[in-house]
Peer 1: 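This is the structure, below, for whatever I ask next.
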There are 2 protein chains.
Amino acid sequence: MDKIDRKILQVLQANARASLQEISQAVGLSATPCWGRIKKMEESGVIEGYTIRLNAQALDLGDTVLVQVTLDSHSDNTLEKFGETLAGIPEVIEAYLVSGDYDYLLRVAVKDTKDYERLLRERLYKIKGIRHSKSSFVLRTLKKADLPL
Amino acid sequence: MDKIDRKILQVLQANARASLQEISQAVGLSATPCWGRIKKMEESGVIEGYTIRLNAQALDLGDTVLVQVTLDSHSDNTLEKFGETLAGIPEVIEAYLVSGDYDYLLRVAVKDTKDYERLLRERLYKIKGIRHSKSSFVLRTLKKADLPL
DNA sequence: GGTGAAACCAGTTAACC
DNA sequence: GGTTAACTGGTTTCACC
């Protein structure tokens, strides 16, 4: 992982479909070593995969809700069960165990407030072991950046 | 945007480097119409771009901090200035204006707690207009999923 | 909209510095 | 670990259904 590797990652972060020609030009090397470096980073796990950035609004998932969750018990078993339940709810995009006033923060993607109300009623409120939850709607996204390299 | 388009997006979400052969096989069409559908989704903006998933730990950005921020004033000017300031801090990966008890939620990527302390002292505490901020460390990531299609 | 083949270009390998 | 050149395979275009 030297400076050239990081530069390659920068180019791929901006456009994972960039050709080796473009990449090699950007880093000042020929195509072959660039290709080798990328393969090595794929194998070592630095590059976990290639994805697309999607327009959530165009897919009827324009609303984001951040949900703070506090559980009744903090046993290993409760934590594990909660994780498994969340895994089965596709609208839950991210889930973090956090330090502080509450236990978990979830990022949920829904079509609109009505859709969120349905999810809350039919799925989230039915999860056993939740002591308390608090929902905040995202009104505006100010920033959504790549990792700094 | 029909069922086939969504299936194509699913395949690309899992692997944006999938060849047209793989994609066309997955959706049951030949390569040409798949290619045309992808191009149309790129042009219409449904597909915003192609990126890589990176291993943050391997890049010395293993710690994630969620910061709740409350501003002094809620004027348009304050909001805009705050957004501009955040844009200049590379460690701030996401920033949302939210409804509820506080105004903004930031997701910050740092090497470790020491690195976060430095960021807090040198950058975040120096931002004018912040009334209050509260940091929560991410102890564990339970889920990180693609948008449901 | 779809198919299939031809043309073109990019990814991959190998031989060498 | 780097370069250039040959090879292989995928992307893009085109003529047709």
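A, B, ... follow the sequence lines: proteins, then strands. Residue 1 opens every chain. Here the structure is a predicted model, which means the values were calculated and not measured. Values below: every heavy atom of this structure, side chains too, minus hydrogens, waters and symmetry copies.
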Peer 1: Check this for me: does any side-chain nitrogen of one of B:E48 and A:R53 sit under 4.0 Å from a carboxylate oxygen of the other?
Peer 2: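 No salt bridge links B:E48 with A:R53.
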Peer 1: A:N15 CG to C:dA10 P: how many Å, rounded?
Peer 2: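 Rounded to the whole Å, the gap is 13 Å.
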Peer 1: Could you tell me the separation between the CE atom of B:M41 and the C1' atom of C:dG1, rounded to a whole number of Å?
Peer 2: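 Rounding to the nearest Å, CE of B:M41 and C1' of C:dG1 are 15 Å apart.
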Peer 1: Could you tell me if the side chain of B:Y116 sits less than 4.5 Å from the side chain of B:V67, heavy atoms only?
Peer 2: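 Yes, close enough: below the 4.5 Å cut-off.
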Peer 1: Name the nucleic acid region contacted by A:S30, choosing base, sugar-phosphate or nothing; use a 4.0 angstrom heavy-atom cut-off, strictly under.
Peer 2: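 Result for A:S30 = base.
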Peer 1: Just the rounded figure in Å: distance from P of C:dG11 to NZ of A:K39.
Peer 2: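 Rounded to the whole Å, the gap is 10 Å.
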Peer 1: How about B:V69 and B:F82: do any of their side-chain heavy atoms sit closer than 4.5 Å?
Peer 2: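 Heavy-atom side-chain distance check passes, below 4.5 Å.
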Peer 1: Please give, in whole Å, the distance from C:dG11 C1' to A:I38 CD1?
Peer 2: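 Computing the A:I38:CD1 to C:dG11:C1' distance gives 10 Å.
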Peer 1: Distance check needed: C:dA10 P versus B:Y50 OH, whole Å only.
Peer 2: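 The distance from OH of B:Y50 to P of C:dA10 comes to 16 Å, rounded to the nearest Å.
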Peer 1: Just the rounded figure in Å: distance from P of D:dG1 to CE of A:M1.
Peer 2: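 Roughly 14 Å, once rounded to whole Å.
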Peer 1: So what does A:R37 hit on the nucleic acid, given a heavy-atom distance under 4.0 Å: a base, only sugar-phosphate, or nothing?
Peer 2: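 Sugar-phosphate only.
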Peer 1: With a 4.5 Å limit on heavy-atom distance, are the side chains of A:I23 and A:I38 in contact?
Peer 2: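 Touching, per the 4.5 Å side-chain cut-off.
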Peer 1: In whole angstroms, how far is the P atom of C:dA10 from the CG atom of A:L20?
Peer 2: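 These atoms are roughly 10 Å apart.
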Peer 1: Under 4.0 angstrom, heavy atoms only, what part of the nucleic acid is B:T32 near: base, sugar-phosphate, or nothing?
Peer 2: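 Result for B:T32 = base.
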Peer 1: Assuming nearest nucleotide by heavy-atom distance, tell me which of A:R17 and A:L29 is located more 5' along DNA chain D.
Peer 2: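 Upstream on the strand: A:L29.
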Peer 1: Quickly work out the A:E22 CD to C:dA10 P distance and round it to whole Å.
Peer 2: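 Going from CD in A:E22 over to P in C:dA10 covers 8 Å.
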Peer 1: Side-chain N or O of B:W35 versus OP1/OP2 of D:dT11: is the shortest distance under 4.0 Å?
Peer 2: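 For D:dT11, neither OP1 nor OP2 has a side-chain N or O of B:W35 closer than 4.0 Å.
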